[in-house]
**Student:** 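First the structure, which I've put down as structure tokens, then a few questions once you've had a look.
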Amino acid sequence: MKPMTRIDDNFSTSPQIDAEDLIDIKAAGFKSVICNRPDSEDGGHHPNHDFLASEASKLGLEFSYLPVVPGQINDNHVEQFKTLMNELPGPTLGYCRLGLRSKALYERSR
């Protein structure tokens with residue numbers, strides 16, 4: 001599993017995950033995953049969110065896609081993230097390339 005940064009009891013962040021990581025994410029007690037990395041980032045050389053959502057569903061994990069371009073987080077993204085955090089079962093893992101966008105969204109939504 002990729003290294004995770006625990007922000008609080010309900011939210012942690014991670015760098016880009018793979019389908020294999022979802023098993024460990026589930027085993028770690030997470031109920032939901034939020035992808036904050038656009039599928040087109042880095043030429044799409046990472047797993048597509050639709051594929052990861054399908055694999056997460058097979059494990060009983062909720063999965064949401066809220067893509068944010070690096071350095072372009074805006075109030076709309078923050079509000080959407082806040083809504084997701086209120087609706088998804090926790091604890092939740094947010095990921096992007098390094099986990100920094102996910103962390104910033106969470107902190108700004110609080």
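Computed from a predicted structure; not experimentally measured.
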**Student:** Mark yes or no for whether His49, through its side chain, and Ser64, through its backbone, hold a donor-acceptor pair below 3.5 Å.
**Tutor:** no
**Student:** Among Asp8, Asn10, Asn36, whose side-chain hydrogen bond (donor to acceptor under 3.5 Å, both in side chains) with Tyr106 holds?
**Tutor:** Asp8
**Student:** Find the distance between CG (Leu61) and CG (Leu52) and round it off to the nearest 0.5 Å.
**Tutor:** 11.0 Å
**Student:** Test of understanding: clusters of I, L, V, M, F, W, Y form through side-chain heavy atoms closer than 4.5 Å, transitively. Do Ile7 and Val33 belong to the same one?
**Tutor:** no
**Student:** Would you say Pro67 and Arg37 make side-chain contact, with heavy atoms under 4.5 Å?
**Tutor:** no
**Student:** Just how far is it from atom OG1 of Thr13 to atom CG of Leu98, taken to the nearest 0.5 Å?
**Tutor:**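 Reported value, rounded in 0.5 Å steps: 10.0 Å.
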**Student:** Pair Met85, Ile34 - check side-chain contact (heavy atoms from CB on, under 4.5 Å), show working.
**Tutor:** CA-CA 9 Å; Met85 289 300 299; Ile34 301 174; 3.9 Å; yes
**Student:** Look only at the side chain of Asn86 and the backbone of Thr83, and say whether a donor-acceptor pair between them is shorter than 3.5 Å.
**Tutor:** no
**Student:** Between Gln16 and Pro47, is any pair of side-chain heavy atoms under 4.5 Å apart?
**Tutor:** yes
**Student:** Side-chain contact, heavy-atom cut-off 4.5 Å: Leu59 with Ile25?
**Tutor:**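 Not touching, per the 4.5 Å side-chain cut-off.
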**Student:** Of all the heavy-atom pairs spanning Arg101 and Cys96, show the shortest one and how long it is.
**Tutor:** N-SG, 3.4 Å
**Student:** To the nearest 0.5 Å, how far apart are NZ in Lys82 and CG in Asp75?
**Tutor:**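 The distance works out to 11.5 Å.
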**Student:** Counting only heavy atoms not in Arg97, do more than 12 fall under 6.0 Å of its CZ?
**Tutor:**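 Open.
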**Student:** Restricting to non-hydrogen atoms, name the atom on Lys26 and the atom on Gly60 that form the minimum distance, rounded to 0.1 Å.
**Tutor:** NZ-O, 4.1 Å
**Student:** Using a 3.5 Å distance criterion without hydrogens, assess whether the side chain of Asn74 forms a donor-acceptor pair with backbone atoms of His77.
**Tutor:**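 Side chain of Asn74 to backbone of His77: a pair is present.
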**Student:** Given side chains that start at C-beta, do those of Ser32 and Phe63 come closer than 4.5 Å, heavy atoms only?
**Tutor:**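 The answer is no; the side chains never approach within 4.5 Å.
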**Student:** Looking only at non-hydrogen atoms, find the nearest pair between Pro15 and Tyr95 and report the distance.
**Tutor:**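 Of all heavy-atom pairs spanning Pro15 and Tyr95, the closest is O-CB, 3.8 Å.
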**Student:** What are the two closest heavy atoms between Gly94 and Ser102, and how far apart are they?
**Tutor:** C-OG, 3.3 Å
**Student:** Is there a side-chain contact between Lys103 and Thr5, using heavy atoms and a 4.5 Å cut-off?
**Tutor:** no
**Student:** I need the minimum non-hydrogen distance between Leu93 and Phe11, along with the two atoms involved.
**Tutor:** C-CE1, 4.3 Å
**Student:** Could you tell me the separation between the OG1 atom of Thr92 and the CG atom of Leu84, rounded to the nearest 0.5 Å?
**Tutor:** 9.0 Å
**Student:** Quick one: do Ile17 and Ile23 end up in the same hydrophobic cluster if we chain Ile, Leu, Val, Met, Phe, Trp and Tyr together by side-chain heavy atoms under 4.5 Å apart?
**Tutor:** yes
**Student:** To check you understand the geometry: which heavy-atom pair defines the closest contact between Ala56 and Leu22, and what is its length?
**Tutor:** N-CD1, 3.6 Å
**Student:** Counting C-beta onward and ignoring hydrogens, is there a side-chain heavy-atom pair between Met4 and Phe30 closer than 4.5 Å?
**Tutor:**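 Yes, side chains in contact.
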